[in-house]
Engineer: 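Structure incoming, see below.
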Number of protein chains: 2
Amino acid sequence: MIKLKVEKKVVTISQYKEIANTLKERIRNGDYRPGQHLPSQKKLGNEFNTSRVTIQKALDELSNANLILRRQGSGTKVAPNSQSTLDILSSQYEGTTKLFEGRGKVSTKVLKFQIRLPSSHEQKRLAISDSTPVYDVLRLRNVDEEPYELDHSVMPLSVIQNLTETIASKSIYDFIETTLGLKVGSSIRKITADIPQKNDIEYLKCDHGEPILQVSQTVHLSDGRAFEYSQTRHRYDKGGIIVINNTLSTNGLDA
Amino acid sequence: MIKLKVEKKVVTISQYKEIANTLKERIRNGDYRPGQHLPSQKKLGNEFNTSRVTIQKALDELSNANLILRRQGSGTKVAPNSQSTLDILSSQYEGTTKLFEGRGKVSTKVLKFQIRLPSSHEQKRLAISDSTPVYDVLRLRNVDEEPYELDHSVMPLSVIQNLTETIASKSIYDFIETTLGLKVGSSIRKITADIPQKNDIEYLKCDHGEPILQVSQTVHLSDGRAFEYSQTRHRYDKGGIIVINNTLSTNGLDA
DNA sequence: CAGTGGTCTAGACCACGTT
DNA sequence: ACGTGGTCTAGACCACTGC
């Protein structure tokens, strides 16, 4: 365990994550090249002056990120597609604002901002009661002045408080993480294609006949509470959704 | 480590996976209910007569699958949405054939089956040279006699051998796993919406103006070799793609 | 057969939440 | 103060691969 002081706060970073980051950096730099073998766990243990179990936890991180391939008896190799995986990892989806930083000018227009009671479908998705009010926010995102996506979010006041229209016009995720100090956890998304509706035509400037890519998602905090149920509708010609699947947790013998 | 004999072959199952499956089963059965605390790691260690580290590896499995929430100092709870996560887990995407078993009659028509040399784009995606021949297979999937998806797959002969039109009309994934004895590993997918093309209209019976949901993917074996680059085009009214995101490997301090 | 990664232990110390 | 989960160790045995 390593302790650092960052702005009067003590931050501890576990050794295995430090090692994982170092190894990730070596792959990024090309110190370890795709297809090449990494040093054995024993050698890495010597190099970092730690036990083999700790090295293994570090390698677990890289393995989960699809950066390495481990084979009993044979050794650990850098994945052939490690570079593209690194690219994708560093541009993780975390709301639109972060995704486009440095790649274009993002602006957000709040089209609707109100507080109301949830529909029964929303109650189910957010696991809240019919008496818990929600924010109902409709926003249009532009990238470089061109309409990019139309986002309809519903968030319970029991989880997110003091949201304002001004905040919604910037980044809600940033507000949640920085101001409220909450941590975003898992999400479940359903991706579909759809025919453009009135709103799409008006705000995204679609024609009839131009398909919409819709992402419907429920997002949770790291403590498990659902904090957002949203539909985001994209113009079909402005990119798609990239998904990495690493065959986790399909361990064979159960249903 | 537990040893079992399955059809003359000795199969070993690690203890932590056994325990993970048992715990998963308890969540499925409702022995542990959403929001409820699991027994502490210490107690679980006593129950399964094993060390705490082994229990932790088992919990890692459940945590990666988004079934539990662990908090230092507070304990381990069953995730509020554990039931829906279990549903999704058991219907993992593994080619269309498996996905629809029991839910409808699946039939496959092979529209094209040939061997040719790869385009430069295909060479890049499959990490093969321009002299490695590939299978080029176009297939139409029907579910309950209704057109469901149009699949265009390119697979290198250096990885997949002895593929035939008959096999392609059943399940290529089953052939790869059962007959060739290869293990499917990670995949990278890009999901987009598109305007219907000639083939879509002809085979999927789309109208002009009915969008297509396209999944373009590269799929790898567990040894890292890419074995399939494909575009699968779905009718927009026949379901979407479900994606779970568990915030893995974003450990904060690196780029 | 030597070297590799996979699993497992018994015990230790720490950080964190709750009481 | 206590109990929880997080990290770490030193060493052990095993399964698998490749020479």
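All chains are named by letter (A, B, ...) in the order of the sequence lines, taking the proteins before the strands, and each is independently numbered beginning at 1.
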Engineer: Round to a whole Å and report the spacing from CD1 of Ile13(A) to C1' of dC14(C).
Structural biologist: 16 Å
Engineer: Taking only residues two or more places apart in sequence or in another chain, which ones pass side chain to side chain contact (heavy atoms under 4.5 Å, CB included) with Gln231(A)?
Structural biologist: Gln214(A), Ser216(A), Tyr229(A)
Engineer: Is Glu47(B) salt-bridged to Arg26(B), going by a charged N under 4.0 Å from an acidic O?
Structural biologist: yes
Engineer: Look at Tyr16(B) and dC8(C) and indicate whether a side-chain polar atom (N or O) is within less than 4.0 Å of OP1 or OP2.
Structural biologist: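 No, no such contact exists.
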Engineer: Who pairs with Asp223(A) by side chain to side chain contact (heavy atoms under 4.5 Å, CB included), at least two apart in sequence or on another chain?
Structural biologist: Leu221(A), Arg225(A)
Engineer: Could you give the CD-to-C1' distance, from Glu18(A) to dC8(D), as a whole number of Å?
Structural biologist: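 Going from CD in Glu18(A) over to C1' in dC8(D) covers 15 Å.
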Engineer: Go through the structure and list residues passing side-chain hydrogen bond (donor to acceptor under 3.5 Å, both in side chains) with Ser74(B), not counting sequence neighbours.
Structural biologist: none
Engineer: Can you give me the N/O atom pairs linking the protein to nucleotides 17-19 of chain D at distances under 3.5 Å, or say none if there are none?
Structural biologist:
none

Engineer: Just how far, in rounded Å, is P of dT4(C) from NZ of Lys77(A)?
Structural biologist: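 Rounded to the whole Å, the gap is 16 Å.
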Engineer: For Ile167(B), check side chain to side chain contact (heavy atoms under 4.5 Å, CB included) against everything at least two apart and list the hits.
Structural biologist: Leu163(B), Thr164(B), Phe175(B)
Engineer: What pairs with Tyr32(B) under ring pair (Phe, Tyr, Trp, His ring centres under 6.0 Å), at least two apart in sequence or on another chain?
Structural biologist: none
Engineer: What is the distance from CD of Gln15(B) to C1' of dT9(C), rounded to the nearest Å?
Structural biologist: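 Between C1' of dT9(C) and CD of Gln15(B): 10 Å.
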Engineer: Who pairs with Thr178(B) by side-chain hydrogen bond (donor to acceptor under 3.5 Å, both in side chains), at least two apart in sequence or on another chain?
Structural biologist: Asp174(B)
Engineer: In this structure, how many angstroms lie between the P atom of dG6(D) and the CG atom of Leu59(B), rounded?
Structural biologist: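 Those two atoms, CG and P, are 8 Å apart.
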Engineer: Please determine if a side-chain N or O atom of Lys57(A) lies less than 4.0 Å away from the OP1 or OP2 oxygen of dT7(D).
Structural biologist: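 For dT7(D), OP1 or OP2 has a side-chain N or O of Lys57(A) closer than 4.0 Å.
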Engineer: Determine whether the side chains of Ser51(B) and Thr54(B) contain a donor N or O and an acceptor N or O closer than 3.5 Å.
Structural biologist: yes
Engineer: Distance check: side-chain N/O of Arg70(A) vs OP1/OP2 of dG6(C), anything under 4.0 Å?
Structural biologist: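 For dG6(C), OP1/OP2 do have a side-chain N/O of Arg70(A) under 4.0 Å.
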Engineer: Just how far, in rounded Å, is C1' of dG6(D) from CD1 of Ile55(B)?
Structural biologist: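 In whole Å, dG6(D) C1' and Ile55(B) CD1 are 15 Å from each other.
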Engineer: Taking only heavy atoms on the protein side, list every residue of residues 37-54 of chain B lying under 4.0 Å from any atom of DNA chain C, sorted numerically.
Structural biologist: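 Within this stretch, Thr50(B), Ser51(B), Arg52(B), Val53(B), Thr54(B) sit under 4.0 Å of the strand.
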Engineer: Using atom CD of Gln56(A) as one end and atom C1' of dT9(D) as the other, report the distance to the nearest whole Å.
Structural biologist: 13 Å
Engineer: To the nearest angstrom, how far is Leu69(B) atom CG from dG17(C) atom P?
Structural biologist: 15 Å
Engineer: Does Pro118(B) have any side chain to side chain contact (heavy atoms under 4.5 Å, CB included) partners at least two apart in sequence or in another chain, and if so, which?
Structural biologist: Glu122(B), Gln123(B), Ile128(B), Val134(B)
Engineer: Note the angle between the end axes of the helix from dC1(C)-dG18(D) to dT18(C)-dA1(D), five pairs defining each, rounded to 10 degrees.
Structural biologist: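 About 10°, once rounded to a multiple of 10°.
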Engineer: Scan residues 31-46 of chain A for pairs that pass salt bridge (Lys or Arg N to Asp or Glu O under 4.0 Å), counting only residues two or more places apart or in two chains.
Structural biologist: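 For residues 31-46 of chain A: none.
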Engineer: Could you tell me which residues satisfy ring pair (Phe, Tyr, Trp, His ring centres under 6.0 Å) with Tyr135(A), sequence neighbours excluded, listed by chain and number?
Structural biologist: Phe113(A)
